[in-house]
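First up is the structure itself, then whatever we jot down about it.
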Amino acid sequence: MATNLPAVDAVLAGFGWTGAILGQQLCDAGLNVVALERGAWRDTPTDFATTFAQDELRYMWRHHLFQNLAYDTLTIRNRTDQEALPMRHLGSFLLGTGVGGAGVHWNAQIWRFLESDLKAYTHNLQRYGKAAVSAYDMTIQDYPLSWDEIEPHYEAFDKLCGTSGRAGNLKGVIQDGGNPFEGPRSAEYPNPPMAMPYGPTLFAKAAREKGYQPFPHPTGNVSRPYTNPLGAQLGQCTYCGFCEKFGCGNYSKATAQTTILPYLMMKTNFTLRTESEVLKVETTADGKRATGVTYVNSAGEEFFQPAQIVILSAYVLQNVRLMLLSKIGKPYDPHSGEGVVGKNYAYQTMGSVNVFFEDKIMNPFIGAGALATVVDEFNGDNFDHTGLGFIGGGYIAQLHTGGRPIEMIYTPQGIPKWGTEWKRAAARNYLRAVNISCHGSVMAHRGNYLDLDPTYRDSFGRPMLRMTFDFSDNELKMSRYLVDKAADIALAMEGVSAVKKNYRTGSWSVVPYQTTHNTGGTMMGDNPTQSVVNKYLQSWDVDNLFVMGSGAFPQNAGYNPTGTVAALAYHSADAIKNQYLKSPGPLVRA
Amino acid sequence: MSDSEITRRQLLVGGALVGAACVTGAAALHDGALGAPPRTIKGAVPWREGTADVPPMVQGTAYRFFTAGEQAFIEPAIDRLIPPDETGPSASQANVHVFLDHQLAGAFGRGDHFYLGGPWPKGTPEQGYQSRLSPAQLYRTAIPAVEAYVRDQHAGKTFKELGAAEQDVVLRALESGEAKLSGADGKSFFDMFLQNVLEGYFSDPIYGGNKDMAAWKMIGFPGAHYDYREWVSRHGERVPYLTVGIKGRPGWSQG
Ligand SMILES: Cc1cc2nc3c(=O)[nH]c(=O)nc-3n(C[C@H](O)[C@H](O)[C@H](O)COP(=O)(O)OP(=O)(O)OC[C@H]3O[C@@H](n4cnc5c(N)ncnc54)[C@H](O)[C@@H]3O)c2cc1C
């Protein structure tokens with residue numbers, strides 16, 4: 001039997017990036033907020049201090065900060081005619097748990113989508129015609145908000161994180177040295193770009209020679225000491241190379257811990273309960289209002305936390321699952337095409353090119369999560385797709401994220417994975433190779449979706465989430481195109497001796513790491529028949545329920561998601577504070 | 001009751017519950033820190049002195065997991081994956097067998113971070129690891145199955161008795177999935193084995209392998225440093241830092 005707790009104004013299910021943003025926003029508006037986080041409290045000196053944070057085995061390979069699948073996982077398959085089986089070991093994506101969520105071990109590559117990404121359907125329809133947007137069983141849609149609506153919230157996140165970079169478009173005026181394709185920014189980045197190591201420098205030079213306009217990767221690894229609008233202080237990044245997949249010991253990577261918690265945790269109208277897992281959103285008998293959430297803590301005690309407003313901030317996969325388990329919204333059926341919850345699941349299509357140098361020392365271990373130079377000529381619709389047979393694209397970057405030797409030793413084409421030949425190639429190339437990433441979009445397709453698994457259950461006896469996903473030819477062609485473009489640049493890099501192209505081929509596999517950029521399933525849109533939430537991330541069915549995260553994406557762009565995830569969270573918080581609290585009810589009329 | 005009292009009370013109550021929570025399966029726990037009590041945190045950043053989550057360090061090199069029969073496979077096999085030569089140490093010279101042994105005797109071997117619930121159909125390669133066995137059980141089952149396969153193919157010899165080239169043929173047959181073992185999936189085993197060997201060779205020496213950081217020195221990785229600001233813009237220069245691990249360098253301490 002669940003114990004009833006005193007009611008609060010708002011409850012947050014999950015306390016990672018979006019939970020922290022909403023917590024701060026709603027507490028500042030005077031609301032009494034409770035956050036429930038299934039994992040543990042985490043702070044820098046306790047959990048990833050500089051004296052022991054540089055531990056590749058423990059964090060990356062033994063998942064010390066990641067979700068422990070022994071207690072909860074999901075099932076996976078490529079197609080509806082296959083049997084989904086549990087993801088038994090983390091691989092393709094590295095889900096977070098604990099305060100700060102996946103944001104603790106993210107890279108802090110902070111992007112904004114293109115204006116044309118927000119209008120993926122109408123933009124591509126107008127430029128390439130009906131066939132282009134319906135090929136490969138595509139089910140893409142527009143984001144229901146404009147650049148002007150979202151830009152101030154992108155800006156808020158940049159200021160929070162102290163994003164370091166160089167603007168390419170300031171209020172419509174193209175700037176030298178930045179990304180000329182980006183939408184107009186209202187302000188320059190809060191901090192200048194990071195210093196660049198050798199690889200990104202040579203990459204940028206080669207790209208310029210090819211006629212492209214390379215620029216420094218926008219990053220939340222701050223380039224100089226920074227105090228954000230909440231008074232939180234970040235220290236200058238020291239390029240230690242233990243950033244992506246690791247916690248930052250140096251207070252240099254923008255995370256909930258470094259940017260929000262020092263402020264939010266001191267607020268007396270904020271309460272955090274850790275080791276507390278939300279099981280379900282409870283609703284009134286007519287299913288039209290959320291009354292609160294049921295959760296269980298690590299002592300096995302069950303509680304009902306009543307709340308006026310319920311926020312799902314449990315990462316896209318758990319958000320979708322909680323919607324399905326709570327029976328809110330109509331589940332998607334890929335056969336009929338009806339229903340919306342779980343629809344348009346998408347991901348990221350990653351390809352790469354390894355670049356080898358005969359006698360240049362590249363020092364790969366000098367790294368940071370978003371230390372790179374980038375070309376954006378082949379992202380989104382920055383290039384003419386006529387005759388290419390695909391839509392979408394991605395950025396091409398020489399990312400110097402680190403040289404952790406278990407994960408990141410590149411060997412030339414044809415070298416076996418073990419034995420003397422491998423050993424000599426590893427010793428020879430470790431210091432002399434870099435990697436170029438091709439970070440591509442995934443469009444939405446009819447057969448890619450999330451629902452509840454009919455067979456496998458978690459430790460509470462609830463159905464696991466089931467993921468059905470594969471790359472379509474649209475994605476594979478796009479990725480091939482990017483890899484070829486990247487190899488062209490690689491071959492123009494000074495001193496290059498060999499390149500190895502790593503095309504994305506075949507079906508999606510759960511084994512190798514790709515990205516933790518899962519999207520869709522609680523899609524945002526203009527109307528309830530085609531989406532789960534409106535542009536304020538408010539559920540169409542239950543108006544006091546707001547669903548954060550990349551689940552809102554109708555399809556995924558060629559950029560990392562969190563800039564947009566955070567911007568949508570701020571946009572939602574703004575609407576809750578300035579509209580919903582004044583007159584609770586649907587913020588958009590269906 | 002003030003907020004900080006709530007916090008303290010919760011901690012005490014929670015502390016008393018640790019044992020009980022473990023017994024009941026602690027269903028809601030998702031962390032490495034198994035058995036952690038629920039906490040309520042309000043009005044403070046709840047940092048506590050002396051609680052830094054420092055990693056465990058392997059002590060000693062004596063076997064605690066592998067049986068004598070398993071050792072007879074592991075020691076030669078790891079040196080086929082990373083053989084001795086003038087470039088750097090072989091796997092056994094780097095104590096990779098010690099690493100494997102400790103890993104399999106501990107949380108990794110138990111599969112603490114694996115989901116091992118059933119049912120267990122075979123699955124597609126894209127669905128990844130689909131065994132019901134924990135890593136320790138997989139090694140325990142697969143090694144005798146490999147030895148049986150070797151006996152079968154090589155007139156009763158053991159893996160250790162084969163020449164290096166013959167051993168490589170066996171390992172390649174496991175890697176490609178051609179070797180059909182009875183009672184174990186050779187490819188799943190090989191994939192995990194190779195990964196674990198690389199882990200032992202290149203991980204921090206606190207885990208028992210990478211003896212004297214020789215594998216890091218071989219490739220030129222300076223180890224557990226935390227500040228390269230001075231070197232970012234010095235393109236093409238060798239960073240002259242001494243190699244260090246989390247525990248420092250051999251010679252800095254007795255342990
Ligand atoms: C290795 C890695 C690198 C990445 N790099 C980048 C990058 O460079 N740029 C980028 O844009 N994005 C990156 N990401 C993605 C980024 O981390 C996520 O987009 C972001 O953290 C999502 O925020 P969120 O609030 O939706 O989820 P999270 O930050 O993961 O927070 C969700 C929280 O909810 C908790 N939770 C889940 N279910 C429940 C429940 N039922 N009850 C209670 N609590 C629950 C979880 O434990 C977690 O703490 C990366 C991710 C990873 C893993």
Side-chain angles (χ1 to χ4, degrees), chain A residues 38-41 43 46-47 49-50 52 54-55 57-58 61 63-64 67-71 73 78 85-86 88-89 91 97 195 197-198 238-240 265 268 271-277 296-300 360-361 363 365-366 405-406 418 420 423-424 427 430-431 459-460 507 509-511, chain B residues 17 21 24 26-33 36-47 51-55 81-83 85 87-88 108 112-115 121 123 126-130 194 198-199 202-204 207 218-221 224 226-229 231-233 235-236 238-239 246:
Chain A
R38 66 180 175 184
W41 170 258
D43 61 50
T46 311
D47 295 285
T50 50
F52 57 82
Q54 319 84 325
D55 186 339
L57 183 78
R58 187 188 202 200
W61 298 105
H63 312 158
H64 196 60
Q67 176 174 320
N68 185 346
L69 302 188
Y71 298 99
T73 184
N78 291 127
L85 298 180
R88 297 188 181 277
H89 193 234
T97 192
Y198 206 6
T238 58
Y239 305 82
C240 78
M265 294 309 296
T268 51
T271 306
L272 167 65
R273 299 201 191 104
T274 60
E275 283 90 4
S276 296
E277 170 138 7
V296 60
N297 67 21
S298 55
K360 284 192 188 303
I361 300 295
N363 292 327
F365 47 83
I366 299 178
I406 304 169
W418 51 273
T420 302
K423 187 183 174 193
R424 292 190 180 147
Y430 173 75
L431 288 177
S459 46
F460 301 104
S507 285
S509 162
V510 78
V511 180
Chain B
L17 277 165
T24 56
L29 292 169
H30 290 265
D31 274 86
R39 295 171 81 181
T40 297
I41 302 164
K42 190 166 180 173
V45 176
W47 178 75
T51 55
D53 186 23
V54 292
L81 299 182
I82 308 181
D85 70 354
T87 343
F108 173 73
D112 279 5
H113 277 246
F114 283 71
Y115 177 77
E126 287 75 21
Q127 287 170 315
Y129 192 74
Q130 286 300 335
L194 175 60
L198 293 174
E199 288 168 357
F202 287 124
S203 58
D204 195 280
Y207 298 106
M218 175 185 90
I219 58 171
F221 174 58
Y226 219 84
D227 191 351
Y228 294 115
R229 279 174 294 184
W231 294 93
V232 186
S233 307
H235 296 162
R238 278 195 182 256
V239 177
I246 287 167

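A note on names: the letters A, B, ... follow the listed sequences, proteins ahead of strands, and every chain is numbered from 1. No hydrogens, no waters, no symmetry mates; every other heavy atom, side chains included, goes into these values.
Side-chain contact between B/Asp204 and A/Arg58 is absent, with no heavy atoms from C-beta onward closer than 4.5 Å. Looking only at side-chain heavy atoms (C-beta outward), A/Pro86 and B/Gln130 come within less than 4.5 Å of each other. Between A/Asn363 and B/Trp231, the closest side-chain pair of non-hydrogen atoms is not below 4.5 Å.
For chain A, the nearby parts of B/Tyr226 are the backbone and the side chain; heavy atoms of each come within less than 4.5 Å. Interface remark: B/Ala44 contributes backbone atoms only to the contact with chain A (heavy atom separation under 4.5 Å). For A/Ser507, the parts lying under 4.5 angstrom from a heavy atom of chain B are both the backbone and the side chain. Heavy atoms closer than 4.5 Å to chain B are found in both the backbone and the side chain of A/Asp55. Proximity to chain B (any heavy atom under 4.5 Å) is shown, for A/Ala49, by neither the backbone nor the side chain.
Remark: B/Lys42 NZ to A/Thr271 OG1 distance equals 3.5 Å, nearest 0.5 Å. Put simply, CG on B/Leu198 and CH2 on A/Trp418 are 12.0 Å apart, with the number rounded to the nearest 0.5 Å. Annotation: the span from B/Tyr207 atom OH to A/Trp61 atom CH2 amounts to 14.5 Å, rounded to 0.5 Å.
Across A/Gly91, A/Ala195, A/Pro405, A/Ala70, the residue that shares the most heavy-atom pairs under 4.5 angstrom with chain B is A/Pro405. If you tally non-hydrogen atom pairs under 4.5 Å between each of B/Thr87, B/Val232, B/Ile246 and chain A, the highest count goes to B/Val232. Your options are A/Val511, A/Asp47, A/Leu272, and the one with the most heavy-atom pairs under 4.5 Å with chain B is A/Leu272. Ranking A/Lys423, A/Arg273, A/Met265, A/Arg88 against chain B, the residue ahead of the rest is A/Arg88, based on heavy-atom pairs under 4.5 Å. Comparing B/Thr51, B/Ile82, B/Asp85 by heavy-atom pairs within less than 4.5 Å of chain A, the highest count is held by B/Asp85.
The two atoms that bring B/Gly123 and A/Leu85 nearest to each other are CA-CD1, 3.3 Å, heavy atoms only. In this structure, A/Phe52 and B/Ala52 approach most closely via the heavy-atom pair CE2-CB, 4.0 Å. Considering every non-hydrogen atom in both A/Ser298 and B/Ala36, the closest pair reads OG-O, 2.9 Å. Nearest heavy-atom pair, B/Ala224 versus A/Gln54, reported as atom, atom and distance to 0.1 Å: O-NE2, 3.2 Å. For the residue pair A/Leu57 and B/Ser203, the shortest heavy atom distance occurs at CB-CB, 3.8 Å. Heavy-atom minimum distance, B/Pro83 versus A/Thr420: CG-OG1, 3.2 Å.
In this structure, A/Asn68 contributes its side chain and B/Asp112 its backbone to a donor-acceptor pair below 3.5 Å.
The ring-ring contact (aromatic ring centres under 6.0 Å, His included) test with A/His89 singles out one residue from B/Tyr115, B/Phe108, B/Phe114, and that residue is B/Phe114.
Ring geometry for A/Phe365 versus B/Tyr228: interplanar angle of 30 to 60°, hence tilted.
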